[in-house]
Asks: 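Structure provided below as structure tokens; questions to follow.
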There are 2 protein chains.
Amino acid sequence: MSQTTRADARKNRDLLLAAAREAVAEHGTDASLRDIARRASVGIGTLYRHFPTREALLEALLNANFDVLHARADSLLASPDPGDALMTWLGELAAGAATYQGLPESIMNALADEESGLHASCAQMRSAGGRLLERAQQAGSIRSDVTLSEVIALTLGLAWAAERSEASDLAARLLSTAMYGLAARDH
Amino acid sequence: MSQTTRADARKNRDLLLAAAREAVAEHGTDASLRDIARRASVGIGTLYRHFPTREALLEALLNANFDVLHARADSLLASPDPGDALMTWLGELAAGAATYQGLPESIMNALADEESGLHASCAQMRSAGGRLLERAQQAGSIRSDVTLSEVIALTLGLAWAAERSEASDLAARLLSTAMYGLAARDH
DNA sequence: ACCTGAACACCGTTCAAGT
DNA sequence: ACCTGAACACCGTTCAAGT
């Protein structure tokens, strides 16, 4: 990353990331690390030197995706309907988690484990959603007794379920159903 | 199983099941098969002879649990409130799926894969829930556009999410929230 | 400073050899 | 009919030896 990085190291890092992207696309989040090193034509030790854990590798892989989700949350914060804004964002979270097989699980695990190399990214993502949730609750469109962690867990749980299903729109359908459950009612 | 089974084979089967129960309780659904054979003081080949796949072993392990769930569905079919009955049963499904770590995933996979040794048990369980869902929909307490597979996927997804969380009541909380979403509304 | 790959301790699964 | 465990092809992870 820094400008003092040796050119060969920098190149290996890039090769590893490209190989990882391929392998994870094919085999999901728990793709073989050995296989990734092989694809990158690099020793397995080199992979470990650049990415000490699988989660650190995933973090590098998903960086851009998290940034997009974060930016989306910020822009949705300015949209007129707070309830719709949250719903839209959760839908994008679910869609993003469907990028790679096993990703909902990786994110969920990372949120629960502060030591995970993926924790910071995920926690930041969650916080971004938190602002949308607060706004929706203050606007009275979402139940006030519901927690940020619950909303995220719900969304990732549905994304997880959708992974193991032929119905490609399952996540969206389940999410929209669940949103009815999250809606505040005045009776 | 049959009465012509040799006594030693029968004994090994029982030893394997007891060992599996222990190992799965400790390490979840993907406990090491080798470790199970070791705990049973049996060759790894013997495990494979009795249970050709991990799913077949799980099936034997979970048999009784599925029977209970099935019976519960039947008895709840006679309860006065169809909506409550479904909710209660789904709650018990979620609780049952929390028996072993990884069980929601095993069930979900089995439902999606007809070749799985666990498929029949799970499909039967799902059907039992189907009768409760139909009744609740005919009574007008559950939205009619919702599918049996969706309701099961929703429930297992929430049970899965609850696995990775400190809040022990998360599954129940999420499920009750989701049930609001499943409720039919007359406005 | 970085890279390599052998080495270690595990897997799941099969199958020839035994009783 | 059933049991055994060596054998095979994989893992993740570490670390001495190299440049």
Side-chain angles (χ1 to χ4, degrees), chain A residues 1-20 22-24 26-61 101-102 105-106 109-110 113 115-118, chain B residues 1-20 22-24 26-61 101-102 105-106 109-110 113 115-118:
Chain A
M1 300 297 265
S2 87
Q3 47 190 136
T4 60
T5 307
R6 268 166 44 168
D8 55 345
R10 166 84 218 197
K11 188 187 160 208
N12 280 340
R13 211 191 105 100
D14 292 345
L15 285 172
L16 280 165
L17 277 177
E22 254 188 48
V24 171
E26 281 177 33
H27 300 111
T29 301
D30 43 46
S32 159
L33 297 178
R34 267 187 141 88
D35 182 40
I36 292 174
R38 268 193 301 263
R39 288 184 199 232
S41 308
V42 140
I44 180 68
T46 302
L47 184 149
Y48 275 90
R49 162 165 267 263
H50 284 279
F51 308 102
T53 63
R54 160 173 258 115
E55 285 71 31
L57 176 55
L58 281 177
E59 202 278 332
L61 214 60
Q101 193 210 38
E105 175 153 19
S106 298
N109 287 342
D113 176 16
E115 305 306 311
S116 166
L118 201 54
Chain B
M1 300 295 266
S2 86
Q3 47 190 136
T4 61
T5 309
R6 269 166 44 169
D8 56 342
R10 166 82 218 198
K11 188 186 158 205
N12 280 340
R13 212 190 105 98
D14 292 346
L15 285 171
L16 280 165
L17 278 176
E22 253 187 50
V24 170
E26 281 177 33
H27 301 111
T29 300
D30 43 45
S32 159
L33 297 179
R34 267 189 142 86
D35 182 39
I36 292 174
R38 269 193 300 263
R39 287 184 200 231
S41 308
V42 140
I44 180 69
T46 301
L47 184 149
Y48 274 90
R49 163 164 265 264
H50 284 280
F51 307 103
T53 65
R54 161 175 257 116
E55 285 72 31
L57 177 56
L58 281 177
E59 202 278 333
L61 214 61
Q101 193 210 39
E105 175 152 22
S106 299
N109 287 343
D113 175 15
E115 305 305 310
S116 166
L118 201 54

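Lettering of chains follows the sequences in order, A, B, ..., and the numbering in each one begins at 1.
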Asks: Please pick, from D:dT14, D:dC2, C:dT14, the nucleotide with the shortest atom-to-atom distance to any side-chain atom of B:Y48.
Replies: C:dT14

Asks: Give a yes/no answer on whether the side chain of A:H50 brings an N or O atom under 4.0 Å of OP1 or OP2 in C:dC3.
Replies: yes

Asks: What is the separation between atom CZ on B:R38 and atom C1' on D:dT4, rounded to the nearest whole Å?
Replies: 15 Å

Asks: Is there side-chain contact between A:S41 and A:L15, with at least one heavy-atom pair below 4.5 Å?
Replies: no

Asks: Return the value, rounded to whole Å, for the distance between atom CZ of A:F51 and atom C1' of D:dT14.
Replies: 19 Å

Asks: For A:D35 and for A:P52, find the nucleotide of DNA chain D with the closest heavy atom, then tell me which residue's nucleotide is more 5'.
Replies: A:D35

Asks: To check you understand the geometry: which heavy-atom pair defines the closest contact between B:E59 and B:G117, and what is its length?
Replies: CG-O, 3.3 Å

Asks: Think A:R49 has a side-chain N or O under 4.0 angstrom from the OP1 or OP2 of C:dC2?
Replies: yes

Asks: Please examine the side chains of B:F51 and B:L58, heavy atoms only from C-beta on, and report whether any two atoms are closer than 4.5 Å.
Replies: no

Asks: Report the nucleotide, chosen from C:dG12, C:dC11, D:dA6, that has the shortest atom-to-atom distance to any side-chain atom of B:R54.
Replies: C:dG12

Asks: Among D:dG5, C:dG12, C:dT4, which nucleotide sits nearest the side chain of A:T46?
Replies: C:dT4

Asks: Compare the minimum distances between each of C:dA6, D:dC2, C:dT14 and the side chain of B:D8, then state the nucleotide with the smallest one.
Replies: D:dC2

Asks: Hey, is the side chain of A:R34 poking within less than 4.0 Å of OP1 or OP2 on D:dG12, counting only N and O atoms?
Replies: no

Asks: In dot-bracket, 5' to 3', how would DNA chain C read with Watson-Crick or G-U wobble pairs under 3.5 Å, [ ] for crossing ones and | for pairs to another strand?
Replies: ||.|||||...|||||.||

Asks: Any side-chain to backbone donor/acceptor pair from B:R13 onto B:D8? Under 3.5 Å, distance only.
Replies: no

Asks: Quick one: A:R13 CZ to C:dA1 P, roughly how many Å, whole number?
Replies: 18 Å

Asks: Could you tell me whether the side chain of A:T29 reaches within less than 4.5 Å of the side chain of A:E105, counting heavy atoms only?
Replies: no

Asks: A:L33 CG to D:dT14 P: how many Å, rounded?
Replies: 11 Å

Asks: How long is the span from the CZ atom in A:R38 to the CD1 atom in A:I36, to the nearest 0.5 Å?
Replies: 10.5 Å

Asks: Report yes if a side-chain nitrogen or oxygen of B:S32 is closer than 4.0 Å to either non-bridging phosphate oxygen (OP1 or OP2) of C:dC10; otherwise report no.
Replies: no

Asks: Test side chain to side chain contact (heavy atoms under 4.5 Å, CB included) on B:Q101 and B:H27; report intermediate values, then the result.
Replies: CA-CA 7 Å; B:Q101 193 210 39; B:H27 301 111; over 6 Å; no

Asks: When the distance from CD of A:E55 to C1' of D:dT13 is rounded to whole Å, what number comes out?
Replies: 14 Å

Asks: Is B:N12 close enough to D:dC2 that one of its side-chain N or O atoms is under 4.0 Å from OP1 or OP2 there?
Replies: no

Asks: Assign A:A31 to base, sugar-phosphate, or nothing according to its heavy-atom contacts below 4.0 angstrom with the strands shown.
Replies: sugar-phosphate

Asks: For A:I44 and D:dA16, give me the distance from atom CD1 to atom P, rounded to whole Å.
Replies: 18 Å

Asks: Taking only the side-chain nitrogens and oxygens of A:R10, find out if one of them lies under 4.0 Å from OP1 or OP2 of C:dA1.
Replies: no

Asks: Rounded to the Å, how far apart are A:I36 CD1 and C:dG5 P?
Replies: 18 Å

Asks: Taking the side chain as every heavy atom from C-beta outward, state whether A:L17 and A:L57 have any atom pair closer than 4.5 Å.
Replies: yes

Asks: Rounded to the nearest angstrom, tell me the gap between atom NE2 in B:H27 and atom P in C:dC10.
Replies: 12 Å

